[in-house]
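To start, the structure under review is shown below, and the notes come after it.
Just so we're on the same page: letters track the sequence lines, and every chain starts at 1.
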Protein chains: 2
Amino acid sequence: MGVKDSKTEQLIKDTAKRLFLTEGRMLATTQDIADAAGVNRTLLHYYFRSRDVLFDLVFKEALRELRERIQSVMLSTAPFREKIENLINVFFEELIKSPYLETFIVLQMNQDPGKYEELFRTLPGGEQKMKIFFKEIQAEMDKGTIPEMKPIHFFMNFFSLMAYPFVARPIYEKMFDLNDAAFKKLVRERKKVILLSLFKNHEV
Amino acid sequence: MGVKDSKTEQLIKDTAKRLFLTEGRMLATTQDIADAAGVNRTLLHYYFRSRDVLFDLVFKEALRELRERIQSVMLSTAPFREKIENLINVFFEELIKSPYLETFIVLQMNQDPGKYEELFRTLPGGEQKMKIFFKEIQAEMDKGTIPEMKPIHFFMNFFSLMAYPFVARPIYEKMFDLNDAAFKKLVRERKKVILLSLFKNHEV
DNA sequence: GTCTATAGCGGGATAGAC
DNA sequence: GTCTATCCCGCTATAGAC
């Protein structure tokens with residue numbers, strides 16, 4: 001493969017990524033993608049064999065990146081509260097880059113939960129890592145900085161507070177008559193709000 | 001229309017509802033629905049003209065019911081904390097009946113935000129009603145029972161904590177190796193957890 | 001590596017017999 | 001009101017020329 005080849009291949013992949021993850025056009029056809037990339041539709045098949053393969057590729061790549069960034073923060077040695085702040089920053093950063101990634105994940109997993117299970121199933125050694133994070137959560141409860149609950153509930157709370165506004169974005173936009181700028185402003189504010197809501201010490 | 005007619009019509013609608021909302025088969029074809037109902041596929045067109053019409057009918061009905069139940073609690077005269085408890089109960093009751101309703105809403109709104117806007121846009125007089133609820137939230141902050149934030153953030157927090165676990169269900173099931181019973185148990189526990197997380201007085 | 005042409009299928013929808 | 005037969009379209013995918 002020469003330089004020119006891989007350039008076209010990359011162009012198609014990037015375009016697909018943009019349509020799927022940034023613009024939320026999850027049902028974009030091969031023709032849509034080819035048009036947006038300005039190439040002949042057959043090239044999509046030439047490089048990726050089928051729409052499914054391209055689709056999975058984009059999805060898995062984005063998901064792997066998000067997971068790795070989150071995991072690396074989750075397993076860092078930072079103090080608990082700082083770790084939570086870092087997780088919020090990473091999550092929001094990724095979700096602002098790919099506003100539809102979260103919706104995309106939810107959709108895919110609901111459509112065919114078996115297909116991507118290896119992406120979520122605890123990795124070798126991962127279970128141990130999750131336990132370490134859960135132990136940290138428990139330690140915070142013992143210190144009294146967060147309310148008493150099973151660590152898994154704290155975990156669910158955390159991700160619910162971060163992720164839901166992104167998947168429910170169009171609903172909130174209608175409900176409260178928000179434009180793009182207003183929504184983004186809310187999202188920025190939420191970084192503090194989430195901290196405020198997770199910790200018992202209600203000061204920021 | 002005789003009795004027999006409307007019986008078939010109802011059967012098709014109920015089956016579609018079951019596939020779409022209970023089993024999460026949101027991409028079920030007209031053939032799938034007809035097969036599941038045990039009727040000829042043409043009857044679906046006979047009664048509902050097109051798949052789209054049937055689809056919208058099911059979606060709008062379910063959504064209207066959920067919205068009405070939530071609104072009636074939200075605007076009741078119950079004390080704030082009791083009102084929140086009632087909202088949690090109503091929401092969970094509906095979501096356990098139709099586990100995919102929330103995912104369905106999110107998906108539809110992301111797919112085509114304009115199509116269903118009248119279902120979310122503030123109704124005539126609705127804006128006023130929302131303002132009343134927001135005033136109640138503000139009053140609670142003044143009393144010091146919930147942390148200080150814009151009411152809209154409290155609102156988002158509340159619905160995030162309730163709704164996200166339902167849309168992310170397949171993810172959590174993989175991630176923590178949960179079976180159906182284990183997930184349902186977690187959801188039941190969350191009623192208390194959500195209360196615990198919303199209010200400053202961290203006792204239940 | 002890129003194009004044109006075409007095959008093939010799955011799905012929605014309708015006509016018309018019963 | 002219910003069925004069979006058929007049409008039509010959009011989309012994926014591939015063969016084969018350049």
Side-chain angles (χ1 to χ4, degrees), chain A residues 1-21 23-61 100 104 107-108 110-112 114-116, chain B residues 1-21 23-61 100 104 107-108 110-112 114-116:
Chain A
M1 266 198 289
V3 172
K4 205 182 170 197
D5 317 358
S6 62
K7 244 176 131 179
T8 303
E9 183 175 357
Q10 194 60 41
L11 174 65
I12 293 173
K13 200 162 85 179
D14 289 345
T15 306
K17 210 168 193 161
R18 177 166 58 80
L19 290 186
F20 292 150
L21 300 182
E23 300 180 13
R25 311 240 335 252
M26 282 167 277
L27 302 180
T29 66
T30 52
Q31 188 64 61
D32 293 334
I33 299 165
D35 287 351
V39 303
N40 189 289
R41 193 170 60 82
T42 14
L43 292 178
L44 194 148
H45 294 286
Y46 176 75
Y47 286 111
F48 302 99
R49 202 172 78 250
S50 75
R51 184 191 185 279
D52 263 15
V53 171
L54 174 59
F55 193 83
D56 283 8
L57 195 71
V58 167
F59 180 54
K60 285 182 179 166
E61 256 188 38
Y100 283 89
F104 196 66
L107 174 63
Q108 290 308 308
N110 275 291
Q111 227 59 268
D112 187 351
K115 194 170 175 188
Y116 300 103
Chain B
M1 263 198 292
V3 172
K4 205 180 167 197
D5 317 357
S6 62
K7 246 174 126 179
T8 302
E9 184 175 356
Q10 194 60 41
L11 174 65
I12 293 173
K13 200 162 86 179
D14 289 345
T15 305
K17 210 169 194 163
R18 176 166 59 81
L19 290 186
F20 292 151
L21 299 181
E23 299 179 15
R25 311 245 330 257
M26 282 166 277
L27 302 180
T29 65
T30 52
Q31 189 64 64
D32 293 334
I33 299 165
D35 287 350
V39 303
N40 189 289
R41 191 168 63 86
T42 339
L43 291 178
L44 193 147
H45 289 100
Y46 177 74
Y47 286 110
F48 302 97
R49 203 173 76 249
S50 76
R51 184 190 185 278
D52 263 14
V53 171
L54 174 59
F55 193 81
D56 284 7
L57 194 71
V58 167
F59 180 54
K60 285 182 178 166
E61 256 187 38
Y100 283 90
F104 195 67
L107 230 80
Q108 289 307 308
N110 275 291
Q111 229 57 271
D112 187 351
K115 194 171 176 188
Y116 301 102

ask   = Just wondering, do B:L54 and B:I33 contact through their side chains at under 4.5 Å, heavy atoms?
value = yes
task = For B:L44 and D:dC3, give me the distance from atom CG to atom C1', rounded to whole Å.
result = 15 Å
Atom-to-atom span, CZ of A:F55 to P of D:dA13 - whole angstrom = 13 Å
query = How long is the line joining CZ of A:R49 and C1' of D:dA13, in whole Å?
reply = 12 Å
key: Pair B:F59 and B:F104, ring centroids less than 6.0 Å apart   = yes
ask   = Which of the following nucleotides, D:dC3, C:dA5, C:dG1, is nearest to the side chain of A:Y47?
value = C:dG1
request  = Compare side-chain N and O positions of B:H45 against OP1 and OP2 of C:dA13 and report whether any pair is under 4.0 Å apart.
outcome  = yes
key: B:R51 CZ - C:dG10 P separation (whole Å)   = 17 Å
task = Using only side-chain N and O atoms of B:T42, determine if any of them is under 4.0 Å from OP1 or OP2 of C:dA13.
result = no
key: Between A:D112 and A:Q108, a side-chain donor and acceptor under 3.5 Å   = no
B:T42 side chain to B:N40 side chain, donor-acceptor N/O pair below 3.5 angstrom = yes
Separation of atom CD in B:E9 from atom P in D:dT2, rounded to whole Å = 10 Å
message = Check this one for me: any side-chain N or O of A:T30 less than 4.0 Å away from OP1 or OP2 of D:dC11?
response = no
ask   = Under the 3.5 Å rule, do the base of C:dG12 and the side chain of B:R41 count as making a donor-acceptor pair?
value = yes
request  = Measure from the side chain of A:N40, starting at C-beta and using heavy atoms only, and say which of D:dT2, D:dA13, C:dC3 lies closest.
outcome  = C:dC3
inquiry  = Does a side-chain N or O of B:T8 approach OP1 or OP2 of D:dT2 to a distance below 4.0 Å, or not?
reply    = yes
Flag side-chain contact, heavy atom, 4.5 Å: A:T29 against A:R41 = no
query = Rounded to the nearest Å, what distance is computed from the CG atom of residue B:D35 to the P atom of nucleotide C:dG10?
reply = 14 Å
Rounded distance (Å) that lies between atom C1' of C:dA13 and atom CG of B:L54 = 14 Å
request  = Compare side-chain N and O positions of A:Y46 against OP1 and OP2 of D:dA13 and report whether any pair is under 4.0 Å apart.
outcome  = no
message = Rounded to whole Å, please give me the gap between CG in B:L11 and C1' in D:dT2.
response = 14 Å
ask   = Reckon B:T29 touches a base, only the sugar-phosphate, or nothing at all at heavy-atom distances under 4.0 Å?
value = sugar-phosphate
